[in-house]
Amino acid sequence: MVKRWLNTIALLIALLPWPAHALLTIEITGGSEAALPIAIVPFGSEGYAAPEDISAIISNDLASSGRFAPLEKRDLISQPHEAQQVNFADWRLLRSEGLLIGKVSSQDGENFQVQFQLFDVYKGQQLVGKRYKIPASGLRNLAHQIADIVYETLTGEKGVFSTRLAFVTEMKNADGSKRYALQVSDADGANPRTVLQSTQPIMSPNWAPDGERLTYVSFENGNSEVYVQELRSGRRNSIASFKGLNSAPAWSPDGKKLALTLSKGGNPEIYVLELDSGKLSRVTHNSQAIDTEAVWMPNGREILFTSDRGGRPQIYKVAATGGRAERLTFEGGYNASADISPDGRMMSMVHAVNGKFHIAVQDLQTGAVQVLTDTTADESPSFAPNGRMILYATSQKGKGVLAAVSVDGQIKQRLGESGSAVREPAWSPFRN
């Protein structure tokens, strides 16, 4: 992990194996004992069959959160699709606290009507119900939206099933050459789309607050260069191509600035770039240290970054306008790659314990540190936009995979992919 941190600074990431076109699937490796039992009845169908199994997607989403325990299909005592078909006494026997039913219909196979109802089984009351008209291409996204509604209705917190993941992959061609790709998928790893392909490395994707743009580092012109790309149009601009290092871009909370690591002055330092004006301001000044991996605090006035100014990588805080840096991490000899929870209270990081690298969180008020993972080569933590989970990269049998862990360490997931590896994950913000 120390080597990886130094390689990030030196931009030698091309040495790491990242195959492309990943199709990620979620494997639950740990869950909460307090998971809420819920019955999700397969949605009824009228007319043309839907190309997506909406109820299955909803069930998988809720199960992947670790906070719900959907009943097995074989345990469902009936399959109602309308409220009048529901016998709440029967469902109470299964100790299911929630019941979700629905129906999908289409007269042409291109446009669909979808309805669902969520009930409190013990009260015998409907909690929420909605109807939609949507083209076939929107059914998967609609299923994620319904899962978000169910999650928020039953937990009081926003769901993240409609958000997206960005990650970098590499494919080895038949002639031995490599092709790198920046990809975006649904939050469950499905529906991956390639944003950029290159024969040269791509690294450090970072989402804009609007969820419509990505910034990243590309070597396509022979040197490190920072780009901003619009996802819908594909338009992109090079915004940092100075002599030396151009790396680790991070959006400000208002989407108007980027924090960058640049060595244009001879040493890697943190800079802030105003995107509209092009004004560049230097934030850190330490000629004896490597300062990198900037991340903004939610208030937009402070920046956290990794620095070895104390001899080993640790995390520091500095005003976005510059000034004296304050060290935040003291537990352990290595702490790096910070990310901040949306409420600004928790910091995730890569934390070394006995030479093994785990994902940990630190309470920024008390300084208390909790190690969350038992994997040993973890990197690149990224908070979910509701602050509940942390996405990260790790190694399984010598191959890079993505994983996620809840902020209390109880819920663990692995996003497996057949035959290849993925790295550099970033979890998108909520969609507007």
Side-chain angles (χ1 to χ4, degrees), residues 1-22 24 165-185 192-207 213-229 231 234 236-251 258-264 268 290 292-295 306 336-337 350 357 377-382 391-395 398-402 415 417 419-427:
M1 182 57 64
V2 173
K3 181 178 180 182
R4 181 191 177 277
W5 182 76
L6 294 175
N7 283 351
T8 300
I9 306 307
L11 297 178
L12 297 178
I13 206 72
L15 299 178
L16 295 177
W18 301 344
H21 302 293
L24 305 176
L165 311 179
F167 47 89
V168 179
T169 65
E170 174 195 285
M171 177 176 286
K172 189 172 183 179
N173 297 319
D175 61 1
S177 62
K178 296 177 180 179
R179 185 170 74 251
Y180 299 84
L182 171 59
Q183 295 192 288
V184 170
S185 76
R193 289 86 75 194
T194 298
V195 175
L196 175 70
Q197 292 193 70
S198 175
T199 58
Q200 301 300 318
I202 305 166
M203 61 182 291
S204 302
N206 191 275
W207 289 91
R213 294 170 292 168
L214 283 170
T215 184
Y216 54 85
V217 177
S218 173
F219 284 79
E220 63 197 71
N221 294 320
N223 297 300
S224 61
E225 200 165 345
V226 178
Y227 286 84
V228 170
Q229 182 162 342
L231 293 180
R236 65 187 190 127
N237 296 305
S238 172
I239 54 92
S241 56
F242 301 101
K243 181 180 180 180
L245 307 180
N246 301 274
S247 65
W251 293 89
L258 284 177
L260 307 165
T261 296
L262 306 174
S263 64
K264 60 190 297 291
I290 295 173
T292 187
E293 298 180 331
V295 59
T306 304
S337 303
V350 178
F357 297 88
D378 304 338
E379 58 189 40
S380 305
S382 176
L391 180 70
Y392 64 99
T394 189
S395 179
K399 182 173 62 179
V401 298
L402 300 187
L415 283 72
E417 193 280 322
S420 63
V422 291
R423 295 198 183 264
E424 299 278 336
W427 208 319

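Fair warning: this is a prediction, and the values are worked out from it, not measured in the lab.
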Item to check | Residues S224, F219; criterion side chain to side chain contact (heavy atoms under 4.5 Å, CB included); working and verdict | outcome: CA-CA 5 Å; S224 61; F219 284 79; 4.3 Å; yes

Checklist entry - What pairs with R236 under side chain to side chain donor-acceptor pair (under 3.5 Å), at least two apart in sequence or on another chain? => result Y216, E220

Checklist entry - Looking at residues at least two apart in the chain, or sitting in another chain, which of them share a side chain to side chain donor-acceptor pair (under 3.5 Å) with T215? => result none

Rounded to the nearest 0.5 Å, how far apart are [atom1] of [X] and [atom2] of [Y]?
{"X": "E379", "Y": "R423", "atom1": "CD", "atom2": "CZ", "result": "5.0 Å"}
{"X": "I202", "Y": "R179", "atom1": "CD1", "atom2": "CZ", "result": "10.5 Å"}
{"X": "Q197", "Y": "Q183", "atom1": "CD", "atom2": "CD", "result": "8.0 Å"}
{"X": "N237", "Y": "Y227", "atom1": "CG", "atom2": "OH", "result": "10.0 Å"}
{"X": "T292", "Y": "I290", "atom1": "OG1", "atom2": "CD1", "result": "8.5 Å"}
{"X": "F167", "Y": "L182", "atom1": "CZ", "atom2": "CG", "result": "9.0 Å"}

Taking [X] for its side chain and [Y] for its backbone only, find out whether a donor-acceptor pair lies under 3.5 Å.
{"X": "W207", "Y": "R213", "value": "no"}
{"X": "E293", "Y": "S337", "value": "yes"}
{"X": "N221", "Y": "N223", "value": "no"}
{"X": "E424", "Y": "S204", "value": "yes"}

Checklist entry - Is there a side-chain contact between V184 and L165 (heavy atoms, below 4.5 Å)? => result no

Next on the checklist: Less than 4.5 Å apart, side chain to side chain, heavy atoms only: is that true for Y180 and T199?
Outcome noted: no

Least distance between heavy atoms, [X] atom then [Y] atom:
{"X": "N246", "Y": "V217", "value": "O-CG1, 3.6 Å"}
{"X": "A294", "Y": "A250", "value": "O-CB, 3.3 Å"}
{"X": "V226", "Y": "P249", "value": "CG1-CB, 3.8 Å"}
{"X": "P205", "Y": "V168", "value": "CD-CG2, 3.8 Å"}
{"X": "V350", "Y": "S380", "value": "CG2-N, 4.1 Å"}

Checklist entry - Can you list the steps and then say if L260 with F242 is a side chain to side chain contact (heavy atoms under 4.5 Å, CB included)? => result CA-CA 11 Å; L260 307 165; F242 301 101; 5.6 Å; no

Item to check | Pair W251-N206, side chain to side chain contact (heavy atoms under 4.5 Å, CB included): steps then yes or no | outcome: CA-CA 7 Å; W251 293 89; N206 191 275; 3.0 Å; yes

Next on the checklist: Using side chain to side chain contact (heavy atoms under 4.5 Å, CB included), reason through L258 and V228 one step at a time and then give a plain yes or no.
Outcome noted: CA-CA 10 Å; L258 284 177; V228 170; 4.0 Å; yes

